[in-house]
Amino acid sequence: LPSQPASVGRLQQQQEQHGANTMKPTEAQLRFVGFQFKRQAVSFRTAVDQFWLTPAHVNDVEGAFSEDGNTTEESSHDGEDKNNNHRRRKTKPKISRGRRALLRVSRRKFDKRRAEIEKRGFIGEGGVGPN
């Protein structure tokens, strides 16, 4: 007979000990787990909100132009779906001017790199690429 993992053996022992009934968590155990998930979700949301607020100023971002921290009309809309008002509204996070500038600098670098790849092909680290 093939050997079973220890956890399977323990499970079988518990089932034999308590009869064929399946073990169900108590109400207190379920409440505790729900509380843990809620607390974890709040902690995660707080961390993400703090992430959007750093860096705080455009001056903190290398390669940023002074207008990079400005809000555009496209990025400032409230995210409401006008066709489906019965759905929950999506709210956009508050983004600092520095984070907005960082995203714009990153996008410019990405676009520049993509244009280089289209023009010359992919060149990896050390300048090695297809010939």
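Starting from 1, each residue takes its place in the sequence as its number. In this text, all values refer to a predicted model and were calculated from it rather than measured experimentally.
- When only modelled atom types and interatomic distance are considered, Arg100 and Asn70 share no side-chain donor-acceptor pair under 3.5 Å.
- Of the possible donor and acceptor atoms, none in the side chain of Ser43 sits under 3.5 Å from a partner among the backbone N and O of Arg39.
- Trp52 approaches Leu103 most closely through the heavy-atom pair CZ3-CD1, 3.9 Å.
- One finds no salt bridge joining Asp49 and Arg45 here, because no Lys/Arg side-chain nitrogen approaches an Asp/Glu carboxylate oxygen to under 4.0 Å.
- A cation-pi arrangement is absent between Arg104 and Phe65, since the terminal nitrogen or guanidinium carbon is not both under 6.0 Å from the aromatic centre and inside a 45° cone about the axis.
- By the 4.0 Å N-to-carboxylate-O rule, Glu27 lies close enough to Arg31 to be salt-bridged with it.
- Hydrophobic cluster membership is shared by Phe44 and Phe51, with clusters built from Ile, Leu, Val, Met, Phe, Trp and Tyr side chains linked at under 4.5 angstrom.
- Using a distance-only test at 3.5 Å, with no hydrogens or angles considered, a donor-acceptor pair links the side chain of Arg99 to the main chain of Thr54.
- Residues Gly69 and Ala101 come closest through the heavy atom pair N-CB, 4.2 Å.
- Between the side chain of Gln29 and the main chain of Thr26, a donor-acceptor pair closer than 3.5 Å is present.
- Counting heavy-atom neighbours within 6.0 Å of Gln36 CD, excluding the residue itself, gives a total above 12.
- In this structure, Arg108 pairs ionically with Asp68, as a charged nitrogen and a carboxylate oxygen lie closer than 4.0 Å.
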